[in-house]
Amino acid sequence: MALLEIKNLTVLRESETGQKTLVSAISLHLPPGAKLAICGESGSGKTMLCRALVRLLPRGFRLTGEIRLESGRFSGKIDHADQQVLEFIRGRIIGFVFQDTPASLNPVLKCGRQLSDVIATTQTLSRTELATALEDLLVSVGFENPRRIMDAFPFELSGGMQQRVALAMALAGKPEILIVDEPSTALDAIARRDLIDLLNRRCQETGLSVIIVTHDLLNVHKFADHLLVMYAGEAIESGPAANLIEAPHHPYTQLLTAAWRALLNNQPFSPNAPEFTQNVPGCGCRFVTRCPNRRKVCLEESPPMTVSAGGRCFHCHFPSK
């Protein structure tokens, strides 16, 4: 049974010049304890998809499709849930670590106060119980001196420490699903490794399901068991992470993995692809202007969804087998 299931989820932006599709008809299911990575270049719709899951869309945006939760604390559709239901779900069932960690922390409040405020929204604790809960929470995300962290302002901490405080805030309500948006941004290699190790431990110890949004395929390789690749708002390929990275079918995924391997081996990489130009939906493949395999049919027909062995799915007229 899926803890989270979405069907044909589409995010639209309404403006004076018309309507634009930012995320196009994405379907997926997330079982308990799953580790899903969402990859793709900037502007591919990764963050917008995750924000849609908790209905945190900017003004002028709307969604269509279905979002369904089946947890021990809530069962039902949330794609058009009222504000009371959403306030219950956010933090308690779905936790969210935002990409810009410093901006998600209040610079004029100490970290302990911010964590206390989050815990107070989901639990009723005495002062002694709250102090213990705060220390336990900070220890669980890797802090050896939790009292010092509680007494610090966010700007007094390093980027990696701020990331762990934000993670502690997202975990304070004991959610069943955690969404982590670009966790390696502005972190050094050691901090990135520690964060991925921490997420792996939480999954193993608590059965937490994690959705990680990232540009870094090394994070995917070390953490995720399933990978969804997005391009121009569309899910172009998905499947078991290890298999997809080793043998991608879609030309775009091939370029991503080739760039990653070149970086690991300190080699130059030139994809020889023009700049992204989005096609009108329904008028061909969205990757056609950059694809080395393109043919006439790619300009005229949107590629169908193909399901191959091992749960691999992709949209491409001429994939690599």
Side-chain angles (χ1 to χ4, degrees), residues 1-6 28-38 50 53-54 67-75 78 87-98 101 104 111-112 114-125 129-146 149-150 160-184 187 191-214 219-228 240-241:
M1 181 182 69
L3 175 59
L4 170 70
E5 184 167 9
I6 68 174
L28 63 84
H29 69 278
L30 188 76
K35 296 183 287 185
L36 168 68
I38 304 177
C50 291
L53 297 181
V54 287
I67 307 171
R68 187 173 190 88
L69 283 170
E70 291 291 345
S71 79
R73 288 176 281 179
F74 180 88
S75 176
I78 62 170
E87 288 177 358
F88 175 79
I89 289 168
R90 295 169 185 162
R92 292 178 177 86
I93 299 176
I94 303 178
F96 207 121
V97 181
F98 296 93
T101 303
S104 67
C111 294
Q114 296 186 57
L115 284 166
S116 298
D117 290 345
V118 174
I119 292 175
T121 64
T122 59
Q123 303 174 59
T124 302
L125 302 175
E129 291 171 332
L130 178 60
T132 301
L134 283 172
E135 290 194 29
D136 291 345
L137 186 58
L138 288 169
V139 169
S140 75
V141 296
F143 287 113
E144 295 180 355
N145 189 348
I149 302 302
M150 284 189 283
M161 296 169 79
Q162 289 179 0
Q163 186 75 268
R164 280 185 281 164
V165 170
L167 180 60
M169 292 176 67
L171 294 172
K174 301 179 180 179
E176 297 171 58
I177 300 170
L178 179 68
I179 300 174
V180 188
D181 192 357
E182 293 292 358
S184 60
L187 300 185
R192 288 197 299 269
R193 181 202 63 197
D194 290 346
L195 182 63
I196 293 300
D197 289 345
L198 172 60
L199 289 174
N200 269 318
R201 286 199 305 273
R202 294 290 300 195
C203 290
Q204 294 170 1
E205 294 170 0
T206 67
L208 180 71
S209 295
V210 176
I211 300 174
I212 182 171
V213 176
T214 183
N219 284 343
V220 177
H221 195 263
K222 290 184 174 182
F223 176 74
D225 51 32
H226 199 86
L227 173 61
L228 173 70

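Because the structure is a prediction, the values reported are computed rather than measured.
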For a 4.5 angstrom cut-off between non-hydrogen side-chain atoms, does [X] reach [Y]?
{"X": "M161", "Y": "I149", "result": "yes"}
{"X": "L36", "Y": "L28", "result": "yes"}
{"X": "C203", "Y": "V210", "result": "yes"}
{"X": "I119", "Y": "L130", "result": "yes"}
{"X": "C50", "Y": "I38", "result": "yes"}
{"X": "I6", "Y": "L30", "result": "no"}
{"X": "T214", "Y": "D181", "result": "no"}
{"X": "L134", "Y": "P146", "result": "no"}

Nearest 0.5 Å, please: how far is [atom2] in [Y] from [atom1] in [X]?
{"X": "L138", "Y": "E144", "atom1": "CG", "atom2": "CD", "value": "12.5 Å"}
{"X": "I93", "Y": "I78", "atom1": "CD1", "atom2": "CD1", "value": "8.0 Å"}
{"X": "C111", "Y": "R164", "atom1": "SG", "atom2": "CZ", "value": "11.5 Å"}
{"X": "E205", "Y": "S140", "atom1": "CD", "atom2": "OG", "value": "9.0 Å"}
{"X": "L167", "Y": "L199", "atom1": "CG", "atom2": "CG", "value": "6.0 Å"}
{"X": "F88", "Y": "T121", "atom1": "CZ", "atom2": "OG1", "value": "11.5 Å"}

Closest non-hydrogen atom pair between [X] and [Y], with its separation:
{"X": "P175", "Y": "G91", "value": "CB-O, 3.7 Å"}
{"X": "E87", "Y": "R92", "value": "O-NH1, 3.4 Å"}
{"X": "E182", "Y": "Q163", "value": "O-NE2, 4.4 Å"}
{"X": "L208", "Y": "I177", "value": "CD1-N, 4.1 Å"}
{"X": "A172", "Y": "L137", "value": "CB-CD2, 3.8 Å"}
{"X": "A241", "Y": "V220", "value": "CB-CG1, 4.1 Å"}

Quick one: list whatever passes salt bridge (charged side-chain N to carboxylate O under 4.0 Å, His left out) with R193, sequence neighbours left out.
->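 Residues passing salt bridge (charged side-chain N to carboxylate O under 4.0 Å, His left out) with R193: none at all.
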Identify whether NZ of Lys or CZ of Arg in R90 sits under 6.0 Å from the centre of the six-membered ring of F96 and within 45° of that ring's axis.
->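 No; the conditions do not both hold, so R90 does not lie above the ring face of F96.
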Report the C-alpha distance between I211 and L4 in whole Å, list the side-chain angles of each, state the deciding distance to 0.1 Å, and finish with yes or no for side chain to side chain contact (heavy atoms under 4.5 Å, CB included).
-> CA-CA 11 Å; I211 300 174; L4 170 70; 4.2 Å; yes
For N200 and K35, test the side chains for any donor-to-acceptor distance below 3.5 angstrom and give the result as yes or no.
->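 A donor-acceptor contact under 3.5 Å links the two side chains.
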Ignoring hydrogens and angles, state whether a donor on the side chain of T101 or Q162 is under 3.5 Å from an acceptor on the partner side chain.
->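 No donor-acceptor contact under 3.5 Å links the two side chains.
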With the threshold set at 4.0 Å, does a side-chain nitrogen-carboxylate oxygen contact exist between E176 and R73?
->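 Answer for the salt bridge query: yes.
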Worked check of side chain to side chain contact (heavy atoms under 4.5 Å, CB included) between E135 and M150 = CA-CA 8 Å; E135 290 194 29; M150 284 189 283; 3.7 Å; yes
